[in-house]
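Note that this is a predicted model, so its numbers are computed, not measured.
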Amino acid sequence: MSSTDARIAQLRQAMSRRGLSAYVVPSSDPHLSEYLPARWQGRRWLSGFTGSVGTLVVTPGFAGLWVDSRYWVQAEAQLAGTGVQLMKIALATTPGHVDWLAANTKAGDVIGVDGQVLGLGAFRALSAAAAASGAALEIREDLLDEVWPDRAGLPDARIYEHVAPDACVSRADKLAQVREAMRAHGADVHFISTLDDIAWLFNLRGADVDYNPVFVGHALIGLDHATLFVADGKVDDALRAVLAADGVEVAGYAQAADALASLELDQKLLIDPARVTCGVFHAMDPAVPRVEAINPSTLLKSRKTDAELANVRQAMAQDGAALCEFFAWFEGALGKDAITELTIDEQITAARARRPAYVCPSFATIAGFNANGAMPHYRATPESHAVIEGDGLLLIDSGGQYLGGTTDITRVVAVGTPSADQKVDFTLVLKGMIALSRASFPRGTPSPMLDAIARAPIWEGGAEYGHGTGHGVGYFLNVHEGPQVISYRAMPGPHTAMEPGMITSNEPGIYRPGRWGVRIENLVANRSWLTSELGEFLCFETLTMCPIDTRCIEPSLMREDEIDWLNDYHKTVFERLSPLVDGEALAWLTLRCAAI
């Protein structure tokens, strides 16, 4: 029996003792984080699947893992022989896990899930499914505590202050902005669970979550007070005094539920239903009046100030300089030293670590050679990785956390001689990236509406890609943040409006399964461009500074204006980076920024 079989068997025994007919294990924590602290990696521990997203459903006779197309290849390999069935989201023949539960439970059955990690929206969908089949939903059962003997406790890394000049807006001013939004909603108190919102609001950072400088906690904001709920020992006396001077009290992590339960009936609560779990929601007296709306901090932190953007430009230049050093090493060592996808991660992280104000990677580096590059969320492991040799394309998606900004960049570079078909795909992706880079649009345009601009050249070439074109990026915070997202699959609601100061990725791609993948990614910032009697218009400022490999281009597919854009971009890259590098890195930069 495999370890996965044994763990699923233990879970089934615990289900039987509780009278549960099904148990759902989402990839989530009490803060609905993208990257999870070890304590809440239960889906991974049970199934053996290491991807970042997936939902496990276990019944007495079935275990299935629902994942989207980004993870099908990985999940198929990791689930082989475990008894856990791969359920492919978005296939017409495969129902989602909620629909599956509705069809496979009956009256009298009980579906269990830990409500502390189940989003309120997911809870409402699951409740409807249970009602349709006559089943009951039990949200008070955290069976992982019973079956996971060495389960981690709460993260205990110390919280530290993000200070000027990197922190450009004071804690007091941020609290004042949130309180102004609370008053506009008629709210007396506001509860926040999302970690990046809390870190931004209080100008605090931590190390509880891989790649994101945040800490585990909750916050309750009143009109004249605020309470930060974190585990004991995470805030030292000096920082506690600094927070107290701004009217912020520090309390124990577990006291958040008690604080919600003790809200008075004359206090109206502002809460974001998309950013809290049902366990948090049900801790409150249902009679407490509340207004459901997006967290004001989500909107506020998405709009970087001019001072923050200035710091981001400096971080981008340092990041670009690190990449110059890395690529100079790579091209010099290629064909001489043994280089694998794992080596890429080691070397690129080491190059960034030599740069001022660098803190850590902003996500796990993706280095995929040829066929591995066709998997958008591929991750090389010691057990499974490619050697970089022969001919083809190497895709590298990486990023860094700096005190003055967060970076995220994808480059595809030639190894040996790329094929004609590889050059066509590369050029189509480049044309899509350039098209979006050059776009202008009315302020307030819903971000999903911009997606077709990047896809048009790719569609014209008879290709498509399955992921979104752009996501918001934080300021020394999460590499993925909202509310804007450039994807035609997203709903173009009011909260997705493009506003000045937002930083978004621009990353179209083409992926040929089993052959190669191409993705080119820069970060761009919304900037005011034109104001007239017809309104205010925005354009994109490209923030990322790193050459694009012109060896991979098929020139016959490029228009003159597209070539002009690329040459102008490379001129800017050289001007910004050349003072920061020397020797082989400078020689590489000079060569790769040459006009075409």
Discussion item. Between Arg39 (side chain only) and Ala152 (backbone N and O only), is there a donor and an acceptor less than 3.5 Å apart?
Written reply: yes
Worksheet item: Counting N and O atoms only, with roles assigned by atom type, does the side chain of Asn311 sit under 3.5 Å from a partner on the main chain of Pro165, one being a donor and the other an acceptor?
Response: yes
Item to complete: Could you check if a side-chain atom of Glu554 sits within less than 4.5 angstrom of a side-chain atom of Phe426, using non-hydrogen atoms only?
Response: no
Worksheet item: Distance-only, no hydrogens or angles: does the Ser505 side chain make a donor-acceptor pair with backbone N or O of Glu507 under 3.5 Å?
Response: no
Practice prompt. Please round to the nearest 0.5 Å and tell me the distance separating atom OG of Ser398 and atom CD of Glu521.
Written response: 9.0 Å
Discussion item. Between Arg313 and Glu541 (salt bridge meaning N to carboxylate O under 4.0 Å), is one present in this structure?
Written reply: yes
Worksheet entry | Nearest heavy-atom neighbours spanning Tyr358 and Gly400 | CE1-CA, 4.1 Å
Discussion item. For the residue pair Asp408 / Ser362, report whether a side-chain donor-acceptor contact shorter than 3.5 Å exists.
Written reply: no
Discussion item. Below 30° counts as parallel, above 60° as perpendicular, anything between as tilted: where do the rings of Tyr475 and His162 land?
Written reply: tilted
Item to complete: Would you mind telling me which of Trp329, Phe327, Phe326 makes a ring-ring contact (aromatic ring centres under 6.0 Å, His included) with Trp588?
Response: Phe327
Fill in: Glu536 atom CD, over 12 foreign heavy atoms within 6.0 Å
yes
Discussion item. What I'd like to find out is whether the side chain of Arg352 reaches to under 4.5 Å of the side chain of Leu323, using heavy atoms alone.
Written reply: yes
Discussion item. Are Ile548 and His570 packed together at the side-chain level, in the sense that at least one heavy-atom pair is separated by less than 4.5 angstrom?
Written reply: yes
Worksheet item: Any side-chain donor paired with an acceptor under 3.5 Å for Gln484 and Ser447?
Response: no
Discussion item. I'd like to know if the side chain of Gln401 reaches the main chain of Cys360, judged simply by a donor and an acceptor atom lying under 3.5 Å from each other, with no hydrogens or angles considered.
Written reply: no
Response to the item:
Nearest heavy-atom approach of Val312 to Leu543 is CG1-CD1, 4.0 Å
Worksheet item: Are Lys301 and Trp200 in a cation-pi setup, meaning NZ or CZ lies under 6.0 angstrom from the ring centre and within 45 degrees of the ring axis?
Response: no
Can I get a per-line list of side-chain donor-acceptor pairs under 3.5 Å for residues 206-216, giving both atom names and the distance, sequence neighbours left out?
| residue | atom | partner | partner atom | Å |
| --- | --- | --- | --- | --- |
| Asp208 | OD1 | Lys234 | NZ | 2.9 |
| Asp208 | OD2 | Val216 | N | 2.8 |
| Asp208 | OD2 | Lys234 | NZ | 2.9 |

Worksheet item: Are Tyr71 and Ser52 linked by a side-chain donor-acceptor pair shorter than 3.5 Å?
Response: yes
Worksheet item: Is there a donor-acceptor contact under 3.5 Å from the side chain of Trp516 to the main chain of Arg512?
Response: no
Item to complete: Decide yes or no on salt bridge (charged side-chain N to carboxylate O under 4.0 Å, His left out) for Arg438 and Asp561, but give the supporting numbers first.
Response: CA-CA 10 Å; Arg438 299 174 64 194; Asp561 60 311; 2.5 Å; yes
Practice prompt. Evaluate salt bridge (charged side-chain N to carboxylate O under 4.0 Å, His left out) for Glu481 paired with Lys304, printing each intermediate quantity in order.
Written response: CA-CA 13 Å; Glu481 76 167 24; Lys304 281 61 179 176; 2.7 Å; yes
Worksheet item: Checking salt bridge (charged side-chain N to carboxylate O under 4.0 Å, His left out) for the pair Asp425/Arg515: CA distance, chi angles, key distance, verdict?
Response: CA-CA 12 Å; Asp425 280 354; Arg515 300 166 71 190; over 6 Å; no
Discussion item. Looking at Thr406 and Leu477, would you say the former's side chain and the latter's main chain have a donor-acceptor pair under 3.5 Å?
Written reply: yes
Item to complete: State plainly whether the residues Glu460 and Arg455 are in salt-bridge range, i.e. N to O under 4.0 Å.
Response: no
Worksheet entry | Spacing of Gln314 atom CD and Asp166 atom CG [to the nearest 0.5 Å] | 9.0 Å
Worksheet item: According to the interplanar angle, ranging from 0 to 90°, do the rings of Tyr160 and Phe476 count as parallel (below 30°), tilted (30 to 60°) or perpendicular (above 60°)?
Response: tilted
Worksheet item: Okay, side chain of Gln422, backbone of Cys552: is any donor-acceptor separation there less than 3.5 Å?
Response: no
Worksheet item: Would you say the side chains of Asn372 and Glu341 form a donor-acceptor pair under 3.5 Å?
Response: yes
Item to complete: Please check if any side-chain donor atom of Ser47 sits under 3.5 Å from a side-chain acceptor atom of Gln78, or the reverse.
Response: no
Discussion item. With side-chain hydrogen bond (donor to acceptor under 3.5 Å, both in side chains) as the criterion, how do Thr298 and Asp197 come out once you've worked through the C-alpha distance, each side chain's angles and the decisive distance to 0.1 Å?
Written reply: CA-CA 6 Å; Thr298 299; Asp197 283 302; 3.2 Å; yes
Practice prompt. Working to the nearest 0.5 Å, report the span between CD1 of Ile553 and NZ of Lys431.
Written response: 10.5 Å
Item to complete: Considering non-hydrogen atoms only, spot the tightest contact between Pro37 and Asp29 and give its length.
Response: CD-OD2, 3.6 Å
Fill in: Any donor-acceptor N or O pair under 3.5 Å, side chains Thr340, Thr343
yes
Worksheet item: Is it true that Arg205 and Asp196 make a salt bridge, defined as a side-chain N closer than 4.0 Å to a carboxylate O?
Response: no
Fill in: pair Thr496-Met449: side-chain heavy atoms closer than 4.5 Å
no
Worksheet item: How are the rings of His471 and His480 set relative to one another: parallel (under 30°), tilted (30 to 60°) or perpendicular (over 60°)?
Response: perpendicular
Worksheet item: Got a sec: does the CD of Glu499 have more than 12 other heavy atoms crowding it under 6.0 Å?
Response: yes
Discussion item. Asn567 vs Ile563, test: side chain to side chain contact (heavy atoms under 4.5 Å, CB included). Steps then yes/no.
Written reply: CA-CA 6 Å; Asn567 286 337; Ile563 292 174; 3.6 Å; yes
Worksheet item: Within a strict 4.5 Å, meaning less than it, do heavy atoms of the Val387 and Phe369 side chains meet?
Response: no
Practice prompt. For residues His385 and Tyr378, establish whether the separation of their ring centroids is below 6.0 Å.
Written response: no
Practice prompt. Kindly say whether Ile344 contributes a backbone atom to a donor-acceptor pair with the side chain of Gln347 at under 3.5 angstrom?
Written response: no
Discussion item. Ring-plane angle category for Tyr569 and Trp565, please: parallel below 30°, perpendicular beyond 60°, tilted otherwise.
Written reply: parallel
Fill in: Leu591 CG to Leu586 CG distance, which is reported to the nearest 0.5 Å
11.5 Å
Worksheet item: Does any N or O in the side chain of Thr542 come within less than 3.5 Å of the main-chain N or O of Val524, such that one atom is a donor and the other an acceptor?
Response: no
Worksheet item: Under the 3.5 angstrom rule, does the side chain of Trp66 hit a backbone N or O of Pro95 as a donor-acceptor pair?
Response: yes
Worksheet item: Atom CG in Leu450, atom OG1 in Thr469: separation rounded to 0.5 Å?
Response: 9.5 Å
Discussion item. Quick test of your reading of the model: are Asp549 and Arg411 salt-bridged, counting only N-O distances below 4.0 Å?
Written reply: no
Fill in: Exercise: identify the closest heavy-atom pair between Val573 and Cys593
CG1-SG, 3.9 Å
Worksheet entry | Pairwise side-chain contact, Tyr465 with Pro508, heavy-atom cut-off 4.5 Å (strictly under) | yes
Fill in: Check: Asp319 and Met545 side chains under 4.5 Å, non-hydrogen atoms
no
Worksheet item: Are Asp451 and Arg489 close enough for a salt bridge, meaning some N to O gap below 4.0 Å?
Response: no
Worksheet item: Under 4.5 Å between any side-chain heavy atoms of Arg519 and Ile510, yes or no?
Response: no
Item to complete: Answer yes or no: are there more than 12 heavy-atom neighbours, outside Asp564 itself, under 6.0 Å from its atom CG?
Response: yes
Discussion item. Under a 3.5 Å cutoff, is there a donor and acceptor pairing between the side chains of Arg43 and Ser27?
Written reply: yes
Item to complete: Measure the CG-CD1 distance between Asn506 and Ile486 for me, rounded to the nearest 0.5 Å.
Response: 6.5 Å
